[in-house]
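Letters go in sequence order (proteins before strands), and every chain restarts at 1. Note that these values count all heavy atoms, side chains included, but never hydrogens, waters or copies made by symmetry. Remember, it's a predicted structure, so these values are computed and weren't measured experimentally.
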Number of protein chains: 2
Amino acid sequence: MTRQSRNPYIVQPVMKALKVLELVARHGHEIALTAVGKELRIPKTTTFRYLQTLSEAGFLTHNQETDKYNIGPLMRSIARADASVSKIRQLARPAMIELMNEFNETVNLAVKGDGTIVYIDLVEANRSLRMQARIGDSHPMHSTALGKAILAFLPEAEKQRQLDRPLTERTGRTLLEREEIERQLRMVAKQGYATESGENEDGAMCIGAPIMDENRYPVAALSISAPLMRMPRPLAAKAGARLREVAQAISGHLGSDAGIPPA
Amino acid sequence: MTRQSRNPYIVQPVMKALKVLELVARHGHEIALTAVGKELRIPKTTTFRYLQTLSEAGFLTHNQETDKYNIGPLMRSIARADASVSKIRQLARPAMIELMNEFNETVNLAVKGDGTIVYIDLVEANRSLRMQARIGDSHPMHSTALGKAILAFLPEAEKQRQLDRPLTERTGRTLLEREEIERQLRMVAKQGYATESGENEDGAMCIGAPIMDENRYPVAALSISAPLMRMPRPLAAKAGARLREVAQAISGHLGSDAGIPPA
DNA sequence: AACTTGCGTTTCGTGCTATGGAATTTGTAT
DNA sequence: ATACAAATTCCATAGCACGAAACGCAAGTT
């Protein structure tokens with residue numbers, strides 16, 4: 001059986017199951033077990049097992065009525081999340097570079113995870129002393145300006161749910177009192193941006209504003225972070241105003257235009 | 001190792017590799033081998049092989065620079081195709097039912113495949129004698145009204161590429177002469193709909209109009225099919241006009257509105 | 001109604017290959 | 001230059017993926 005090319009690390013069951021997944025997904029409609037097996041020249045017993053596994057994992061669905069298979073919810077949800085992140089990053093990048101040049105501090109972009117914010121892009125300041133997260137890092141919502149900016153604009157129910165969880169204490173200054181946090185969030189909602197001073201990382205501060213999707217749901221946030229000493233109050237206020245402005249512009253573009261045209 | 005629950009047809013390597021795929025895709029950003037293994041409690045050797053396989057299959061990409069993995073092009077392309085098909089079908093369905101009632105003949109919806117058209121939906125006429133394709137079937141472009149409607153509005157380069165391939169002869173009336181086909185396509189482009197008489201199936205005819213995306217690229221087509229005897233010229237012309245109208249309305253909706261809002 | 005056909009599901013024994021510990025290489029930080 | 005971490009390669013083992021064949025079920029045929 002002349003199967004895989006050169007790479008000796010290919011796991012055949014996985015590779016073949018992926019072919020099945022691709023075929024079903026590409027087919028665009030319900031397709032039956034036998035049809036899949038015939039097309040890919042895989043014995044029906046094996047095809048059966050792959051389809052079962054793919055369905056169990058949520059990548060496919062198995063229609064009990066017709067005994068046929070189709071794309072599953074997981075596939076769609078992953079794709080949707082990915083597309084959204086790509087779009088936000090793409091829209092935000094030019095503005096982030098602009099902001100970095102304006103303030104000469106690191107600019108961060110993060111999306112809302114579950115109870116956390118996840119950095120998806122950052123433009124680093126050209127300075128020796130700088131605070132920096134890494135793309136992919138996740139931090140608690142309540143201890144970061146990015147998170148507070150998102151929290152403040154979340155629907156009430158979800159906001160409460162987030163605050164119900166145990167709140168980790170990142171530094172001595174991290175806010176842990178429910179009352180205190182809610183008070184701050186009301187102010188954030190009013191002024192349109194959030195600030196944080198040494199609550200997430202000692203000696204660092206951060207200013208953040210939310211990015212909303214077409215339903216005014218805060219899906220992401222933009223921030224400027226700097227050492228405390230380099231960011232006096234007036235400058236922070238100026239940064240906040242600019243962030244709010246830029247984040248709103250990005251939000252405006254999020255609902256509208258289509259992506260890349262097909263090949 | 002107590003792994004999978006009840007279903008005895010689960011193939012472990014496949015299931016575990018899918019968990020890896022999901023983790024990487026969900027992470028939203030490049031992630032390293034070790035991190036994946038640690039998260040899922042899979043030994044790194046095995047994780048390595050899964051990542052290799054997933055990458056080879058195109059579901060992930062392996063960034064040589066950073067030695068990290070991310071969502072691959074295949075995943076995106078499948079998702080994009082699926083979303084597009086779902087949207088078209090959803091938009092077209094009401095209009096198709098309307099058309100079926102109007103003419104009491106089968107109405108078909110197909111998307112452009114590579115060199116073929118693929119049926120993605122159909123509303124069957126309530127008659128005993130009816131021609132019918134099945135969802136998922138694919139037919140050549142040059143022998144169907146659906147295909148000709150799409151061909152006529154394809155960018156010149158792609159149209160030529162399609163006609164360069166060997167053209168299969170479906171019936172005695174199938175057009176095979178390049179000259180003849182091109183002449184017809186020019187007429188289709190002018191009148192906005194295509195017709196086909198016994199060129200794909202003996203005794204059947206079909207009238208089709210293209211559905212365009214926001215870039216005026218013909219991604220799909222709508223058609224009415226009937227036995228030749230039930231579709232005299234004047235009726236065919238009337239059907240063509242209606243199809244053009246309806247297809248244009250659908251095209252108009254394709255570019256605009258957003259999908260389902262996030263949960 | 002008996003028969004056939006086609007498909008999904010189940011069973012089961014065999015041998016292949018997926019596996020993961022350990023060794024090695026590569027790359028990076030100190 | 002050295003240490004550390006991370007990726008890749010090696011290898012021996014047994015666990016389980018595989019597919020032929022049998023089974024059950026439903027739809028269509030005579």
Applying side chain to side chain contact (heavy atoms under 4.5 Å, CB included), name anything that partners [X], two or more places apart in sequence or on another chain.
| X | value |
| --- | --- |
| H29(B) | V85(A), R89(A), V118(A), I120(A), I135(A), H27(B) |
| P232(A) | P234(A), L235(A) |
| K68(A) | E30(A), A32(A), T66(A) |
| A57(A) | F59(A), M15(B), L18(B) |

For Y119(A), the ring-ring contact (aromatic ring centres under 6.0 Å, His included) test, sequence neighbours excluded, returns H139(A)

Residues passing the ring-ring contact (aromatic ring centres under 6.0 Å, His included) test with Y69(A), sequence neighbours excluded, are H62(A)

Could you spell out the base pairing of DNA chain D as a dot-bracket line? Use Watson-Crick and G-U wobble contacts where both distances are under 3.5 Å, [ ] for crossing pairs, | for partners on a different strand.
||||||||||||||||||||||||||||||

Not counting sequence neighbours, which residues clear side chain to side chain donor-acceptor pair (under 3.5 Å) with T53(A)? List them please.
none

Side chain to side chain donor-acceptor pair (under 3.5 Å) against R173(A), all qualifying residues, sequence neighbours excluded
none

Those residues of residues 44-55 of chain B lying under 4.0 Å from DNA chain D by at least one heavy atom:
K44(B), T45(B), F48(B)

Any chance the side chains of S223(A) and N108(A) put a donor and an acceptor closer than 3.5 Å?
yes

More than 12 heavy atoms of other residues, nucleotides or ligands under 6.0 Å from CD of E39(B): is that the case?
no

Counting N and O atoms only, with roles assigned by atom type, does the side chain of T106(B) sit under 3.5 Å from a partner on the main chain of A125(B), one being a donor and the other an acceptor?
yes

When you list every nucleotide of DNA chain C with an atom under 4.0 Å from a heavy atom of chain A, which one comes first 5' to 3', and which comes last?
dC7(C) to dA18(C)

Which residue lies toward the 5' end of DNA chain C, L33(A) or P43(B), if each is placed at its nearest nucleotide?
L33(A)

Using heavy-atom distances to pick each residue's nearest nucleotide on DNA chain C, tell me which of A32(A) and P13(B) is more 5'.
A32(A)

Does a side-chain N-to-carboxylate-O contact under 4.0 Å join K148(A) and E196(A)?
no

Note: R170(B)-E199(B) ion pair, threshold 4.0 Å (strictly below):
no

Start and end of chain A contact along DNA chain D [non-hydrogen atoms, under 4.0 Å]
dT9(D) to dA21(D)

